[in-house]
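This is a predicted model, so every value here is computed, not measured. Quick note: residue numbers are just sequence positions, from 1.
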Amino acid sequence: MTTAKNPQPRRTLQLPARAHATSAHGPTELVVLSLNDQGVIRGCSEACHRIFGYAAAELAGCHISTLLPQLPSDELVRDGRIDARLAYLCHCGHPFQARHRNGQHFGIELFINRLDHHNVAVLVRRLDARAPADAAVLAH
């Protein structure tokens, strides 16, 4: 829908069912997250369950630090841009720590982009291609 004040139609992020990237070790699955400017998760791809152990519905409304504890707990976007330090670290391929539902930490690469006024897309690629095993599975 367009209005006189806003001639552009509002865009929504369409999350792919599966996204893959190629690394030195072959193709790896990407987790795609849609966030607002404050880092609150709006949606995520199916890979989120496989990599982090959470279903998409469980994460809607949670802060990104639930999955990525190193990310700032305040706004990811400052003055209309991705936080400068975070953007630099992502650009350089700095490894970040992620947290699986079972508490296990693992290394990831993070790619973050501003899509429009209130949408941020985050791509997460696990550095070690193995998905963490669920604690309940390990116990048996």
Side-chain angles (χ1 to χ4, degrees):
M1 176 179 192
T2 60
T3 64
K5 289 183 180 181
N6 184 6
Q8 299 293 326
R10 186 176 177 106
R11 296 183 337 177
T12 58
L13 177 63
Q14 297 297 320
L15 297 175
R18 287 188 177 238
H20 291 84
T22 302
S23 72
H25 305 289
T28 59
E29 191 167 30
L30 293 174
V31 174
V32 181
L33 300 162
S34 171
L35 313 174
N36 69 13
D37 290 352
Q38 290 77 39
V40 176
I41 299 170
R42 292 178 164 180
C44 58
S45 63
E46 293 174 6
C48 198
H49 187 263
R50 290 184 290 281
I51 303 299
F52 291 103
Y54 290 97
E58 294 177 283
L59 290 173
C62 294
H63 193 269
I64 187 67
S65 60
T66 302
L67 304 175
L68 311 173
Q70 287 177 292
L71 290 189
S73 59
D74 56 353
E75 295 184 5
L76 296 177
V77 176
R78 299 181 193 282
D79 300 323
R81 303 179 124 191
I82 300 295
D83 177 76
R85 183 173 186 278
L86 179 59
Y88 175 76
L89 292 173
C90 291
H91 176 74
C92 293
H94 175 77
F96 289 85
Q97 287 293 307
R99 181 176 45 224
H100 188 271
R101 179 183 201 135
N102 67 14
Q104 179 184 0
H105 286 80
F106 55 96
I108 60 159
E109 271 187 307
L110 187 64
F111 307 93
I112 188 165
N113 287 295
R114 183 91 189 264
L115 298 178
D116 60 26
H117 188 58
H118 292 292
N119 284 312
V120 175
V122 176
L123 303 176
V124 176
R125 184 179 71 86
R126 190 177 169 104
L127 292 176
D128 139 2
R130 296 176 299 123
D134 212 73
V137 174
L138 292 175
H140 295 338

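Looking at residues two or more places apart in sequence or on another chain, you find a side-chain contact (heavy atoms from CB on, under 4.5 Å) between T66 and Y54, L59, C62. Residues meeting the side-chain hydrogen bond (donor to acceptor under 3.5 Å, both in side chains) test with Q70, sequence neighbours left out: none. Taking N113 as the reference, nothing meets the side-chain contact (heavy atoms from CB on, under 4.5 Å) condition, with sequence neighbours excluded. With sequence neighbours left out, R85 forms a side-chain contact (heavy atoms from CB on, under 4.5 Å) with D83, L89.
Note that the CZ atom of R114 and the CG atom of L76 stand 10.0 Å from one another [nearest 0.5 Å].
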CA sep, side-chain torsions, deciding dist, call: V77, I82, side chain to side chain contact (heavy atoms under 4.5 Å, CB included): CA-CA 4 Å; V77 176; I82 300 295; 4.1 Å; yes

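Residue pairs meeting the salt bridge (Lys or Arg N to Asp or Glu O under 4.0 Å) criterion with at least one partner in residues 55-69, sequence neighbours excluded, are E58-R101. Sorted pairs that involve residues 60-69 and meet salt bridge (Lys or Arg N to Asp or Glu O under 4.0 Å), not counting sequence neighbours, are lacking altogether. Applying the side chain to side chain donor-acceptor pair (under 3.5 Å) test to pairs two or more places apart or on separate chains, none has a residue in residues 90-99.
By the 6.0 Å and 45° rule, R126 stacks over the aromatic ring of F106.
With H118 contributing its side chain and D116 its backbone, the two residues share no donor-acceptor pair below 3.5 Å.
Within the 4.5 Å cutoff, no side-chain heavy atoms of V124 are placed close to those of I51. Put simply, the side chain of L67 reaches to within 4.5 Å of the side chain of I41, judged on heavy atoms. Residues F96 and L68 fail the side-chain proximity criterion, which asks for heavy atoms closer than 4.5 Å. In this structure the side chain of L71 reaches within 4.5 angstrom of the side chain of L110, judged on heavy atoms.
Of the residues listed (V122, L33, L35), the one engaging C44 in a side chain to side chain contact (heavy atoms under 4.5 Å, CB included) is L33, and it is the only one.
What you find for A60 and R42 is that their closest heavy atoms are CB-O, 4.4 Å.
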